[in-house]
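Reviewing the structure listed below.
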Amino acid sequence: MTSPLDRSDLAAIWLTLELATLTTLLLLVIGTPIAWWLARTSSRLKGVVAAVVALPLVLPPTVIGFYLLVSMGPHGFIGQFTQSLGLGTLPFTFAGLVVGSVIYSMPFVVQPLQNAFSAIGARPLEVAATLRAGPWDTFFSVVLPLARPGFVTASILGFAHTVGEFGVVLMIGGNIPEKTRVVSVQIFDHVEAMEYAQAHWLAGGMLLFSFLILLALNTSRRLKPGWT
């Protein structure tokens, strides 16, 4: 059976994979120090920061997309800043999609990392300190290897969640072919146009992808009971 997917469908798939990959890498860089701080701090601000990180779990995607659209627009504080740098505004650009995706998928990366860091406990860090290991050496030689399962989980969840975005990317990126139109938006377009065959192929692919992600996570946790 020949696939009915056309060039626009393939472009949407490629753009989605590109967006998810870049977002996941940025989230690992940004989320690691946040998760480490949340796991180790006793600051009164911990609850506030944790709540801010977790907001995308409870807020409707359109609400997040709306406020990002306003703040990154020509009159928003982010938009004014990017314009002062000569970068223009971020809405309806791939860069805008990345910013929105990083914010929307933040808890799916930070929380697994925080759990992994918390599970390490203080003992390995104390042993490293007695061996006169510096903070950076301790983190890269002790913490990262012990928290590796958490990084795997965070990477998978961050990537998968970004692939499945709809409301945020539609609000921020609109529906520009080969620039901001991702798979979820492409499926919506096919349904609106009553092109159910194309919608079935893309939606079925998303369903299979999501199932394989969950299967991989559950399998890894069963094989490694200590994973977070």
With no hydrogens and no angle check, is any side-chain donor or acceptor of Thr93 less than 3.5 Å from a backbone partner on Gly96? yes
- Task: Verify, without hydrogens or angle tests, whether Thr16 (side chain) and Val183 (backbone) share a donor-acceptor contact under 3.5 angstrom.
- Result: yes
Exercise for the section: Any chance you could lay out the side chain to side chain contact (heavy atoms under 4.5 Å, CB included) test for Thr24 and Val109, step after step, and finish with the verdict? Expected result: CA-CA 8 Å; Thr24 302; Val109 171; 5.6 Å; no
When rounded to the nearest 0.5 Å, the distance separating CG of Leu144 from OG1 of Thr32 is 7.5 Å
Next on the checklist: Whether the side chain of Thr41 engages the backbone of Ser43 through a donor-acceptor N/O pair (distance < 3.5 Å, no angle test) should be reported.
Outcome noted: yes
For this session: Take the angle between the ring planes of Phe188 and Phe166 and call it parallel below 30°, perpendicular above 60°, tilted in between.
Result: tilted
- Task: Test side chain to side chain contact (heavy atoms under 4.5 Å, CB included) on Val52 and Met106 and set out the steps.
- Result: CA-CA 10 Å; Val52 171; Met106 181 75 72; over 6 Å; no
Scanning both residues in full, the closest heavy-atom pair of Ala116 with Gly150 reads CB-CA, 3.8 Å
Point to revise | 4.5 Å side-chain heavy-atom contact, Thr153 and Leu157 | key: yes
request  = Determine yes or no for a side-chain-to-main-chain donor-acceptor pair under 3.5 angstrom, with Glu18 supplying the side chain and Trp14 the backbone.
outcome  = no
Rounded to the nearest 0.5 angstrom, the CG-CD distance for Asn175 and Glu192 is 8.5 Å
Taking every heavy atom of Ala147 against every heavy atom of Ile120, the minimum-distance pair comes out as CB-CD1, 4.1 Å
- Query: Given the rule in the side chain to side chain contact (heavy atoms under 4.5 Å, CB included) test, do Leu69 and Phe92 qualify, once you have shown the distances and angles that lead to the verdict?
  - Reply: CA-CA 9 Å; Leu69 183 64; Phe92 311 112; 4.2 Å; yes
| message | Between Ser184 and Glu165, is there a side-chain donor-acceptor contact under 3.5 Å, judged purely by atom types and distance? | response | no
query = Does Thr82 reach the main-chain N or O of Gly88 with its side chain, forming a donor-acceptor pair under 3.5 Å?
reply = yes
(message) Is the shortest side-chain heavy-atom distance between Leu19 and Val98 below 4.5 Å?
(response) yes
Out of curiosity, does Ile30 fall in the hydrophobic cluster containing Val49 (side-chain heavy atoms, cut-off under 4.5 Å, transitive links)?
yes
* Among the clusters formed by ILVMFWY side chains lying less than 4.5 Å apart, do Ile172 and Phe77 turn up in the same one? -> yes
With a 4.5 Å limit on heavy-atom distance, are the side chains of Leu202 and Ile13 in contact? yes
Checklist entry - Does a donor on one side chain and an acceptor on the other come within less than 3.5 Å for Ser101 and Thr162? => result no
One should read off an interatomic distance between Phe159 CZ and Leu17 CG, to the nearest 0.5 angstrom, of 5.0 Å
Mind telling me whether Tyr104 and His161 have parallel, tilted or perpendicular rings, with 30° and 60° as the class edges?
tilted
Notebook entry, point to check: Tell me, do Met171 and Leu68 make a side-chain contact under 4.5 Å, heavy atoms counted?
Noted result: no
Quick one, Phe117 and Phe139 - any side-chain contact, counting heavy atoms below 4.5 Å? yes
| So if you build clusters from Ile, Leu, Val, Met, Phe, Trp, Tyr with side-chain heavy-atom gaps below 4.5 Å, do Val29 and Leu25 land together? | no
| said: Are more than 12 heavy atoms, taken from residues, nucleotides or ligands other than Lys179, located less than 6.0 Å from that residue's NZ atom? | reply: no
Looking only at heavy atoms, the pair that brings Thr23 and Val102 closest together is CG2-N, 3.8 Å
Interatomic distance, CG@Leu55 vs CD1@Ile64, rounded to 0.5 Å, equals 7.5 Å
Heavy atoms of Ala160 and Ile213 approach each other most closely as CB-CG2, 3.9 Å
### Task
Step by step, work out the side chain to side chain contact (heavy atoms under 4.5 Å, CB included) result for Thr180 and Val169.
CA-CA 8 Å; Thr180 63; Val169 294; over 6 Å; no
Minimal heavy-atom distance between Val110 and Gly31, with the atoms involved, is CG2-CA, 3.9 Å
Is it the case that one hydrophobic cluster holds both Leu38 and Leu45, taking links as side-chain heavy atoms less than 4.5 Å apart, direct or via other members? yes
Rounded to the nearest 0.5 angstrom, the CG-CD distance for Leu15 and Glu178 is 9.0 Å
Query raised in the report: Would you say His200 and His190 make side-chain contact, with heavy atoms under 4.5 Å?
Result: no
Are Leu113 and Trp36 side-chain neighbours, meaning at least one heavy-atom pair lies under 4.5 Å? no
Check your understanding: If two hydrophobic side chains count as joined below 4.5 Å and joins carry through other members, does Trp136 share a cluster with Val142?
Key -> yes
Problem - Backbone N/O of Phe81 and side chain of Ser84: donor-acceptor pair under 3.5 Å - result: yes
Between Asp9 and Gln198, do the side chains contain an N or O donor and an N or O acceptor separated by less than 3.5 Å? no
Val168 and Pro61 have their tightest heavy-atom pair at CG2-O, 3.3 Å
The reported gap from CD in Gln83 to CG in Leu90 (rounded to nearest 0.5 angstrom) is 9.5 Å
Val163 vs Phe209 side-chain heavy atoms within contact, under 4.5 Å: yes
Review point. Do you see a donor-acceptor pair shorter than 3.5 Å between the side chains of Ser8 and Gln186?
Key: yes
